[in-house]
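For the single chain, residues carry numbers from 1 onward in sequence order. Just the heavy atoms: all of them, side chains too, but no hydrogens, waters or symmetry mates, feed the values below.
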Amino acid sequence: MCAVFVSILINSSYAQSSDDFREYTNNDLGFTIEHPSEWKVEEYPKDNPTEVYFTIRENIEDVIDNGSDLLPASIFDSRFAIIVEEPIKKVKTLAKRVQVELDKFFPPEYKLIRQNPVTVGGNDGWKIEFRHTAPDLDYDRHIFEILTNGNGKFYNLQYIEDPLKVPETIPLVNKMVESSQVK
């Protein structure tokens, strides 16, 4: 019963956030993006952020008591993130950065679905889409990463979602990606 209630809340959160977008700008990291107004924005680490997370977690946590063991923690994994990295000496090109990422995906936990070139805010990029499963942890996620560069940095736009919820959230995430601009 509790899981059904939370599922309704999640679906309601997606529907509410589909029309009202808010602009987020991070001058230090050099990007601007629009995100659903209902989604929480978290910068990490707090003292010198290099990652920004957009989640619907806040709406769910408002309903669930702190420390509740009634639901798996993975229910809160729906997120879109932008991770900013300084290039390292060995990885100076986008093609090399993409290869580093592809080398991390190994069977049986990761299954590559597709990869293709994309454009993000006028910059060349590469999209890697895969499925991550860990049967022993009852974990199954659909993930895509879009790697692009600008301002001498690499940007990793990451989407992580329960495969059953992808049809509901992918339109919002696609709108976020389309709105993103590297300054």
Side-chain angles (χ1 to χ4, degrees), residues 14 17-18 20-58 74 76-106 109-132 134 139 141-163 165-166 169-183:
Y14 292 153
S17 62
S18 64
D20 188 17
F21 273 67
R22 186 174 293 158
E23 186 174 279
Y24 170 86
T25 299
N26 189 310
N27 292 321
D28 293 334
L29 298 178
F31 72 87
T32 298
I33 189 169
E34 292 181 8
H35 66 90
S37 62
E38 298 292 321
W39 289 27
K40 183 177 180 179
V41 179
E42 298 173 274
E43 296 176 344
Y44 181 82
K46 300 286 184 199
D47 57 341
N48 186 20
T50 56
E51 303 174 13
V52 180
Y53 294 89
F54 302 88
T55 66
I56 61 165
R57 187 173 355 148
E58 182 177 47
S74 61
F76 304 116
D77 285 347
S78 303
R79 74 171 192 216
F80 180 81
I82 298 178
I83 301 166
V84 182
E85 309 164 357
E86 299 290 336
I88 54 178
K89 289 182 181 181
K90 293 180 184 177
V91 184
K92 291 186 179 184
T93 66
L94 181 60
K96 286 184 181 180
R97 177 62 185 91
V98 168
Q99 191 56 55
V100 166
E101 203 65 21
L102 286 170
D103 290 345
K104 292 194 296 188
F105 305 136
F106 47 88
E109 292 90 9
Y110 294 96
K111 181 181 180 207
L112 184 64
I113 297 171
R114 70 182 65 85
Q115 57 175 317
N116 56 283
V118 295
T119 302
V120 180
N123 296 317
D124 291 337
W126 197 261
K127 182 177 182 179
I128 305 166
E129 194 169 351
F130 59 97
R131 187 94 173 239
H132 179 211
Y139 183 87
R141 290 292 175 260
H142 183 93
I143 301 172
F144 77 58
E145 295 186 13
I146 297 175
L147 301 164
T148 189
N149 56 3
N151 305 322
K153 301 175 184 174
F154 289 116
Y155 293 82
N156 183 341
L157 288 68
Q158 233 177 50
Y159 167 62
I160 300 174
E161 183 63 275
D162 180 314
K165 297 178 193 161
V166 169
T169 58
I170 198 71
L172 298 174
V173 170
N174 284 338
K175 187 172 179 179
M176 292 173 73
V177 170
E178 290 169 9
S179 75
S180 63
Q181 298 289 321
V182 174
K183 296 180 168 194

Work out which heavy atom in Pro49 is nearest to a heavy atom in Leu29; give both atom names and the distance. O-CD2, 3.4 Å
Results of salt bridge (charged side-chain N to carboxylate O under 4.0 Å, His left out) for Glu51 - residues two or more places apart only: none
Which atoms form the tightest heavy-atom contact between Glu43 and Asn26, and what is the distance? OE2-ND2, 3.6 Å
Do you know which two heavy atoms are closest between Leu157 and Ser180, and how far apart they sit? CD2-OG, 3.8 Å
Check the surroundings of atom NZ in Lys104: do more than 12 heavy atoms from other residues, nucleotides or ligands lie under 6.0 Å from it? yes
Val91 and Pro87 have their tightest heavy-atom pair at O-CB, 3.5 Å
Quick check: closest heavy atoms across Met176 and Glu34, and the distance to 0.1 Å? CG-O, 3.2 Å
Flag the pair Asp103 / Gln99 as yes when at least one side-chain heavy-atom distance between them is below 4.5 Å, and no otherwise. yes
Name of the residue among Tyr24, Trp39, Phe21 meeting ring-ring contact (aromatic ring centres under 6.0 Å, His included) with Phe54: Tyr24
Roughly how far, to the nearest 0.5 Å, is the CZ atom of Arg97 from the CG atom of Leu102? 9.5 Å
Is there a side-chain hydrogen bond (donor to acceptor under 3.5 Å, both in side chains) between Asn174 and Glu178? Walk through the geometry before answering. CA-CA 6 Å; Asn174 284 338; Glu178 290 169 9; 5.8 Å; no
Short question: side chain of Tyr159, backbone of Thr169 - any donor-acceptor pair under 3.5 Å? no
Aromatic rings Tyr53 and Tyr44: how do their planes relate, parallel, tilted or perpendicular, breaks at 30° and 60°? perpendicular
Compare all side-chain heavy atoms of His142 with those of Lys165 and state whether any distance is below 4.5 angstrom. no
Can you tell me how far the CZ atom of Phe130 sits from the CG atom of Leu112, to the nearest 0.5 Å? 8.5 Å
Phe144 and Phe80 aromatic ring geometry - parallel, tilted or perpendicular at 30°/60° bounds: perpendicular
Under the 3.5 angstrom rule, does the side chain of Thr148 hit a backbone N or O of Asp124 as a donor-acceptor pair? yes
Any Glu101 side-chain heavy atom under 4.5 Å of Asn156 side chain: yes
Measure up the His132 and Tyr110 rings against each other and bin them: parallel (under 30°), tilted (30 to 60°), perpendicular (over 60°). parallel
Do you know which two heavy atoms are closest between Val120 and Val177, and how far apart they sit? CG1-O, 4.4 Å
